[in-house]
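Worksheet: one structure, shown below.
Note that ligands are numbered from 1 as they come in the structure, with each ligand's atoms numbered from 1 the same way.
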Amino acid sequence: MGEVVPAAVLDIDLDAVAQNWRFLAGMHGGATAAVLKADAYGTGAALVAPKLFAAGCRHFFTAHLSEAVAIRHLVPGAMLAVLHGVLPGEERLFAEHDIWPVLCSLEEASRWRAFGQSKQLPALLHVDTGMARSGLSPRDIAAARDEPYLLGGLDLRYVMTHLVSAEAPGDLINAVQEKRFYEMKTLFPAAGASLANSAGMFLGEKFTADLARPGAALFGINPTPGRPNPMRPVVRLTARILQIRHVAPGESVGYNGTWTAEKPSRIATVAVGYADGFLRSLSNRATARFDGIKIPLVGRVSMDLTTYDVTDAPQAKPGDSLELIGPGHDADDLAVEAGTNGYEILTSLGRRYQRRYFGAALSV
Ligand SMILES: *Cc1c(COP(=O)(O)O)cnc(C)c1O
């Protein structure tokens with residue numbers, strides 16, 4: 001019996017994820033969480049969560065309650081918090097699973113207090129210092145200063161904010177947010193302080209504070225753009241060549257003929273397309289690697305197929321693999337070619353790839 005040979009393989013190095021977390025945790029004296037929203041940035045929260053738990057991580061964040069419920073049993077006893085907070089009607093599920101909401105408005109805070117009654121269930125509080133997206137505004141905090149009952153009767157473990165431009169250390173907004181945050185924080189002396197995402201951890205102690213919240217850097221995204229990437233690569237995507245065509249000068253390739261051969265060319269077709277999250281904006285812009293040779297993507301990315309010009313790699317043949325994402329050409333590099341960031345590349349990684357995990361933790 002023959003076996004199905006995968007057309008595209010996504011390798012995910014869980015040991016590298018754990019090493020990245022240990023590296024970040026070692027940068028400061030406070031605690032270091034792991035943000036595992038969007039299925040751990042596309043890498044698979046079901047395997048990443050237990051790996052990080054085994055590495056010593058005891059603080060986890062997701063965006064949605066459903067994401068937190070899905071990993072609760074994998075991180076027993078650890079803090080597990082939902083960035084989006086608690087919607088009306090969800091309170092009981094939070095309490096049942098010992099999941100903490102990140103309270104983002106006065107209404108939510110009063111609802112969580114009312115639900116917990118005298119129990120004072122733990123929560124985090126998100127204050128907005130410049131993102132204007134979620135969290136209590138400076139005006140809400142001023143109101144709570146005048147009317148202490150607004151945020152009283154709550155067991156607030158951490159007060160957090162989110163940075164607008166942490167990856168641009170020269171941006172003055174960082175210092176502005178830090179100042180606004182610590183002013184608001186004076187109202188909650190017993191709570192820990194949490195400001196930093198991955199990039200924010202490189203802005204110093206005021207930012208790493210009591211609890212850092214890295215996500216992207218765990219998965220190899222460079223938290224210090226423009227400087228060498230201190231993180232280990234986690235993701236490698238390879239696609240097998242289905243066939244190689246010889247294209248004569250003047251012939252075009254793909255939908256709408258957006259690329260035309262200028263010389264006799266060898267075109268390799270691989271079974272990866274925008275339905276796999278291989279963004280259409282990579283058309284005529286991305287590059288792959290073969291034996292260290294840079295291979296340009298030519299023509300449009302279509303739904304299930306993409307074409308590369310392997311003229312400069314005469315040894316490439318059907319069945320061989322092109323490296324679409326890898327250590328020498330990582331998610332950040334592909335993102336530049338697509339006109340986006342590495343986050344979008346990772347969180348778009350498709351479900352049709354055969355996933356191979358390295359270094360999975362034994363189940364808890
Ligand atoms: C996504 C997110 C993070 C993690 O950000 P990275 O840049 O991926 O490290 C931290 N905090 C909040 C509120 C977030 O939404």
May I ask you to identify, for [X], whether its side chain, its backbone, both or neither come under 4.0 Å of ligand 1 on a heavy-atom basis?
X      : value
Ala216 : both
Lys37  : side chain
Leu83  : side chain
Phe61  : neither

Closest protein heavy atom to [atom], given as residue, atom name and distance to 0.1 Å:
atom                    : answer
atom 5 (O) of ligand 1  : Asn197 CB, 3.3 Å
atom 9 (O) of ligand 1  : Ser198 OG, 2.5 Å
atom 11 (N) of ligand 1 : Arg213 NE, 3.0 Å

If we count only N and O atoms by modelled type, under 3.5 Å, do the side chains of [X] and [Y] hold a donor and an acceptor together?
X      : Y      : answer
Tyr357 : Arg355 : yes
His59  : Thr32  : no
Thr269 : Arg245 : no
Thr287 : Arg289 : yes
Asn284 : Thr258 : yes
His246 : Glu251 : no

Under a 4.0 angstrom heavy-atom cut-off, which atoms of ligand 1 come close to [X]?
X      : value
Met160 : 13 (C)
Tyr41  : 1 (C), 4 (C), 5 (O), 6 (P), 8 (O)
Tyr343 : 6 (P), 7 (O), 8 (O)

- prompt: Using 4.0 Å as the upper bound for N to carboxylate O, is an ion pair formed by Glu67 and Lys37?
  reply: no

field: From Asp98, Ile99, Leu93, residue fulfilling side chain to side chain contact (heavy atoms under 4.5 Å, CB included) relative to Glu96
entry: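 Among Asp98, Ile99, Leu93, the one meeting side chain to side chain contact (heavy atoms under 4.5 Å, CB included) with Glu96 is Leu93.
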
query: Does Pro214 have a heavy atom less than 4.0 Å from any atom of ligand 1?
result: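 Pro214: in contact with ligand 1 (<4.0 Å).
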
- request: Out of Met131, His162, Glu167, Met201, indicate the one that has the non-hydrogen atom closest to atom 13 (C) of ligand 1.
  value: His162

task: Go through Arg145 and Thr186 one step at a time and tell me if the side chain to side chain donor-acceptor pair (under 3.5 Å) criterion holds.
output: CA-CA 10 Å; Arg145 239 182 249 288; Thr186 58; 3.3 Å; yes

task: Please confirm whether His126 comes within less than 3.5 Å of ligand 1 when only nitrogen or oxygen atoms on both sides are compared.
output: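 No; every N/O pair is 3.5 Å or more apart.
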
